[in-house]
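Reading through the structure tokens given below for one structure.
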Amino acid sequence: RKKELLKKDIIQLQEKAIREQEELLRCFASDIHDLPCSIIPNLKQAIKTKDFEECERLVDELYSNLRQLMNEYVVPDISLLGFGSTIYQFINGFRKTFKGKVLLSMPQEDLNISQKKALEIFKVIKEWFCNIEKHSYASEVDFSLEKLNEDYILISISDNGKGFDIGDNKNLGYGMLNMKNR
């Protein structure tokens, strides 16, 4: 009986993993379509008309979009750098492509967080920054991470962008739902 229950649990976990992979691929395909693929027809037109300034602008935009996609879908091995250093490096990478000011406040010492929790927290932070870059039209982002005690950390992310209605479930994308689940 225990063996049957264990097999059932394994099958359910495998099915869940497959559903999550399929959802990730759908999101990835949608992002590829919305970001770099939407630039390519304009780039082809600029090449035909020999508008090299427009070509350069579009190539820069394409490059920025591809970097954004890489940041969104590639998750670093947090065990190599530690949680705090991984967050710090991610935010510094964000600074390079963000066209505004990024304020950062973090403790000097690394936080002792389990690998699994650190990865989930990192994914939430990463998604939040991707949403800021994609949707907010912000010119300033403020990130702070503070260790409250041995059991709690406080992460605060704010921007001066256009905002959104968190109560409007129709317009919340997968990113917001994933952050809520995590």
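For clarity, every value in this text was computed on a predicted model and none was experimentally measured.
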Any side-chain heavy-atom pair of [X] and [Y] under 4.5 Å:
X      : Y      : value
Asp142 : Ser156 : no
Phe83  : Leu145 : yes
Arg19  : Glu15  : yes
Leu43  : Cys55  : yes
Phe28  : Leu24  : no

What do you reckon, is [atom1] of [X] surrounded by more than 12 foreign heavy atoms closer than 6.0 Å?
X      : atom1 : answer
Gln12  : CD    : yes
Gln115 : CD    : yes
Glu4   : CD    : no

Heavy-atom closest contact ([X] atom, [Y] atom, distance):
X      : Y      : answer
Lys162 : His135 : CE-O, 3.1 Å
Ala46  : Leu58  : CB-CD1, 4.2 Å
Phe98  : Ala138 : CZ-O, 3.4 Å
Ser38  : Pro41  : O-CD, 3.8 Å

Supply the atom-to-atom distance [X] [atom1] to [Y] [atom2], rounded to the nearest 0.5 angstrom.
X      : Y      : atom1 : atom2 : answer
Asn42  : Gln45  : CG    : CD    : 8.5 Å
Thr86  : Leu119 : OG1   : CG    : 10.0 Å
Lys44  : Thr49  : NZ    : OG1   : 13.5 Å
Trp128 : Ile157 : CH2   : CD1   : 7.0 Å
Glu146 : Leu111 : CD    : CG    : 10.5 Å
Ile39  : Leu62  : CD1   : CG    : 5.0 Å

Given the rule in the side chain to side chain contact (heavy atoms under 4.5 Å, CB included) test, do Leu104 and Arg95 qualify, once you have shown the distances and angles that lead to the verdict? CA-CA 10 Å; Leu104 173 65; Arg95 279 181 169 147; 3.5 Å; yes
Strictly below 4.0 Å, N to O, side chains only: are [X] and [Y] in salt-bridge contact?
X      : Y      : result
Arg26  : Glu23  : yes
Lys117 : Glu120 : no
Lys101 : Asp159 : no

Side chains of Asp77 and Ser79: any donor to acceptor distance under 3.5 Å? yes
Looking only at the side chains, is there a donor atom on one of Asn160 and Ser139 sitting less than 3.5 Å from an acceptor on the other? yes
Passes salt bridge (charged side-chain N to carboxylate O under 4.0 Å, His left out), Lys123 versus Glu127? Steps please. CA-CA 6 Å; Lys123 287 177 182 178; Glu127 180 64 31; over 6 Å; no
Does the gap between the ring centers of Phe122 and Phe90 come in under 6.0 Å? yes
Are [X] and [Y] connected, step by step, through hydrophobic side chains (Ile, Leu, Val, Met, Phe, Trp, Tyr) whose heavy atoms are closer than 4.5 Å?
X      : Y      : result
Val59  : Leu66  : yes
Ile125 : Phe164 : yes
Leu81  : Met106 : no

In sequence, state the C-alpha distance, the side-chain angles, and the governing distance for Asp9 and Lys2, and then conclude on salt bridge (charged side-chain N to carboxylate O under 4.0 Å, His left out). CA-CA 10 Å; Asp9 287 345; Lys2 285 183 182 180; over 6 Å; no
Under the criterion side chain to side chain contact (heavy atoms under 4.5 Å, CB included), I'd like the reasoning laid out for Ile113 against Ile153: C-alpha separation, chi angles, the key distance, then a yes or no. CA-CA 10 Å; Ile113 301 174; Ile153 60 171; 4.0 Å; yes
So, applying side chain to side chain contact (heavy atoms under 4.5 Å, CB included) with Phe143, which one of Leu103, Ile155, Ile132 is it? Ile155
